Each structure stands twice: as C-alpha cells, then as structure tokens.
Amino acid sequence: PIALQHGAHRIGRRTDADMEKWRAYGLGQFIHWGLYSIPAGEWNGKQYSGAAEWLKSWKEVSATAYDSLMYQFNPTKFNAESWAETAKQMGVKYVTITTKHHDGFCLWPSKYTNFTVANSPYKKDIIGPLVKAYDKRGIDVILYFSIMDWHNPDWRYDIKTREDSIAFDRFKQFTRNQLLELLTLYPTAKGLWFDGTWDKSWVKQAAFADSLEKEMRAMRPGLIIGSRFRADEYGKRHFDSNGNMMGDYEQGWERKIPEKIADVHGNDWDCVMTVPENQWGYSKVWKGHIKTTDELLEMLAKCVSLDGNFVLNFGPKPDGTLRTEELDLAKGIGEWMGINSEAIYNGEYAGLVKQDWGYYVKKTGTNKIYMLVFNVPVSGALNVVLPSRTAISKVYDLGNPGQNYAPEEIGTSAYFIHLKQQTFKRPFVIVLETADNS
Ligand SMILES: C#C[C@@H]1N[C@@H](C)[C@@H](O)[C@H]1O
C-alpha cells in the first residue's frame, strides 16, 4: 500500500451506535429547495434542458439576474410540520435537506454571507423549523451542503495563479465557518451530505479537507460524513489511492443502484433518487419517465437487499407546498410501508442466491428472512435455496400473518413456496423463519 496522510482513516464499516442506526434506516427522503425552485427550470419563457437546480449555470442566465431571485423568495405556504408529517406517513427514517446548493443561497441565516433567507422577503430561518419538525417525529436530519458556491467571488474551479490561491484560501475559511456554524446552530443534525466537491480546486485541498473533517467530527462525535467530501493527496475521491473508502458510507450511488453485493465492497451506502429522470429542484416540466410507486418500492427493496438505504428526492414548490405527484408517491409508499416496513427497517443483505421473484432482506441479528416479491412466476411457485443445514421453521405472509405456507422441499435446502393466489395488486412480503439444523 501507498503511505497516505489524507486517505481513509478507517478500514471497514463503523461499528458505533450512530452508524448502526444509520445502517438500519432503510428509507430516507431528500429535499432540494432554494431559489432555483422559483424559476423551476424556465428562464425568459424558455425551458432549460438541464436539472432545474442547475439553472444558474445556463449561459442564458446572468448571475446577477439569478441572484436577485432572493428578493422573490417568500414561501408563504411553507409549513415544516406538514413536510415532516408527510415524511412520517411515508415511513422515512431520515431526511437530507439542502442547506446551500451550488448557487450559494443559504436556507439558514448564515452570518458569513448576505445571500441568505434573512435578506429575502421571507426573512426567517428554514432549516431550524425543519430540523425541529423532523426530530419531533423521530426522523433524523442530515444536512446537505455544496462546497461549490457560484455566488461567492472567491470560488474557483481550479487554482492556477497566486491570485487564485489567495482567493481560494479565503473561500476555504468561508466554507469552514459555514460548516461549523451549521453544526453549532443545528446540534441534533446526525450528518452532512456533501456535494460539489469534484472540481480541481477542492480536490487539491486534501490536507485542509482532512483537517476540517477531523475538526467537525471532534465537534460532533458520531457525525456521519460520506465518501464525497474529500480527496486524498493524490486526488483520489471516494476511494483513496489504496482503494479504501474515505468517509462513513459510499455516496457514489446517485440516481443508480448497485446490481450485486460485490459492487458495494462491504461498505455502507445510500442511493439518492429522483422521481423524474434528473430533476432535484422543483421543475415545472417533468420530462421523460416519471417513476411509479411500484418502481420506487422495487428500488427501495433492491437497495436494502444489498445493504444500502434508499433516499427519494422531493423538490418543493416556491410557495412551500409539495407537488401533487410527490404527495401521491409519499402516500403510496407509506401505505406499503404501513404493512411491510418490518422488511425494510434494520434490514441487511441475506447472503442467499438471488431469485427472479424479487429480493431477500435479513433482519439484522435475527434468523428472519423477508422475501420481497415483485415478480410472481406463472407457476405460482417461489424458488428458495438456503445454505446447507439451514431449515425453514415457519413461513407466513407478512401482510396476512394467518396465511401460512408449507414449503415443498425440492432438493437439498431447496424449496418451492406455492402461492395461494395468482394476482397481486402490490408487491408483497413473505417471512421465512429459519433454523440452523447442523
Ligand atoms: C450533479 C449534481 C447534484 N447532485 C445531486 C444530489 C443534486 O444536488 C444535483 O444538483
């Protein structure tokens, strides 16, 4: 291995209580809200082809004109309790909220810039009430923070000149000040979800970022920081020059899901997912395929079956309400979770041979295995292959516990579970209680 000062400081998973709680979440909510929600992907009557929260980067948009959106930010219908209640009903266990996206606008009254809610018509802090409303419902809060900040004149994409270096040193102090401010103002926040860390300017700050990460962890023991925050001294991101993951969980799964357990390298990870193809902030027009409740439930099942969490994004409207499509999805997912959340919370990779009918999830620390069924075979027989010397002691339908099944043994530790009905409206879960009969 290469001697590294600023690579991974821990090999393997964190085993402390805070991380074990994060690992058990299963389902999360992302919230992207800010000035970009006002134009919602449209400028001077033209549709921006990119993601709505990237509108400021469009050549048709002048930075000054975009920044003056601050004087229009006035979400009169914003109600943190109502967002948190929707999330509670949906069954999420954590929420990741944008405190500052790439455009640099702060949803909290930061004292290190004027580009905040404090100087908008709304005036009030957004983050504080959200943290309070979610905490009250037992939903942990993670703060999203973009290092890249298009508003701050000291931001640089690369450090080429001495002037760049002097400016970026100021930017690094500004960034440190804002992060320590967030941890001080919102002490119950469980973690930070970093973004906007791919440019050379930040990638070259291995030593600074490493010491800042250490400072934040010292300030907030148990703080959870993902792999996207910093690079090692050779510019390697997420995985250092020895192939070890930096941070507490892998943040590479943005709008994509691993196929098999080998893809996650034994690390914790979360998948952050948009409802349309690629819109995080509120966008008037949702182009392309809009994911359905069943598609999202299958993504959730797949993530949990592969030792990850699934985080669904919401892009609230400029008036502070949630759009109907998202409320409908939250309701549909919530109804399913109301019956089946036992198969999602505290779930982990079961280590069984993957079958076509769906996904296995093992309840951490138990002999309970959940079969999350999405594809019912024409035969109505679900194939189950267990490790040798593992017997099945009980099989029942989670949604209908009186509905027991008598698995048919078809080989060594191989069974068919014959379903009692052919048509199902929604994905369903069968519980296998196993026993070691070695
Ligand atoms: C690219 C990019 C950003 N990363 C996602 C989590 C959104 O914030 C998007 O704007």
Side-chain angles (χ1 to χ4, degrees), residues 27-43 47-58 61 63 66 69 92 94-108 126-127 130 141-151 155 157 175 178-179 182 191-203 224-231 237-238 247-258 269-288 291 296 299 303 308-316 318 323 326:
L27 176 62
Q29 177 189 41
F30 218 137
I31 291 179
H32 275 77
W33 202 38
L35 296 186
Y36 41 80
S37 311
I38 299 169
E42 193 176 286
W43 196 260
Q47 271 298 322
Y48 171 50
S49 62
E53 72 285 353
W54 273 70
L55 183 78
K56 187 174 179 179
S57 68
W58 193 17
V61 179
Y66 179 94
L69 287 168
V92 307
Y94 70 130
V95 64
T96 302
I97 306 171
T98 47
T99 59
K100 178 179 87 169
H101 205 261
H102 311 328
D103 62 1
F105 182 68
C106 303
L107 287 185
W108 83 99
I126 294 279
I127 301 299
L130 281 169
V141 177
I142 305 272
L143 301 177
Y144 167 108
F145 183 89
S146 174
I147 297 289
M148 176 167 70
D149 180 327
W150 295 327
H151 178 80
W155 164 255
Y157 286 97
T175 298
Q178 284 205 316
L179 287 169
L182 284 168
L192 293 164
W193 204 97
F194 286 99
D195 205 2
T197 56
W198 45 79
D199 289 297
K200 288 199 185 84
S201 53
W202 183 257
V203 169
I224 295 171
I225 296 174
S227 64
R228 198 179 286 194
F229 177 52
R230 62 187 178 88
R237 298 180 63 230
H238 297 281
D248 304 319
Y249 65 97
E250 193 192 344
Q251 274 182 279
W253 304 102
E254 183 173 312
R255 295 190 301 116
K256 53 180 190 273
I257 296 175
W269 57 278
D270 69 4
C271 160
V272 289
M273 185 59 73
T274 49
V275 176
E277 177 54 37
N278 182 19
Q279 291 296 337
W280 298 85
Y282 177 65
S283 173
K284 275 188 196 109
V285 176
W286 267 1
K287 296 184 282 286
K291 297 170 192 76
L296 294 168
M299 290 181 177
C303 287
N309 292 331
F310 180 68
V311 182
L312 182 63
N313 182 68
F314 286 64
R323 69 192 303 158
E326 292 174 354

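Counting starts at 1 for both ligands and their atoms, following the listed order. Keep in mind it's a predicted model, so treat the numbers as computed, not measured.
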*Sequence neighbours left out, what passes side chain to side chain contact (heavy atoms under 4.5 Å, CB included) with Ser146? Give chain and number order.*
His102, Tyr144, Met148
*Salt bridge check: are Arg228 and Glu250 linked by an N-O gap of less than 4.0 Å?*
no
_Side-chain heavy-atom pair Leu130, Val141 within 4.5 angstrom cut-off_ = no
*Tell me, do Glu254 and Trp280 make a side-chain contact under 4.5 Å, heavy atoms counted?*
yes
_First-shell residues of ligand 1 [heavy atom, distance under 4.0 Å]_ = His32, Glu53, Trp54, His101, His102, Tyr144, Trp193, Asp195, Glu254, Trp280
*Shortest non-hydrogen contact from His151 to Asp149?*
N-OD1, 2.9 Å
_Cation-pi check, Arg323 onto Trp286 ring (under 6.0 Å, within 45° of axis)_ = yes
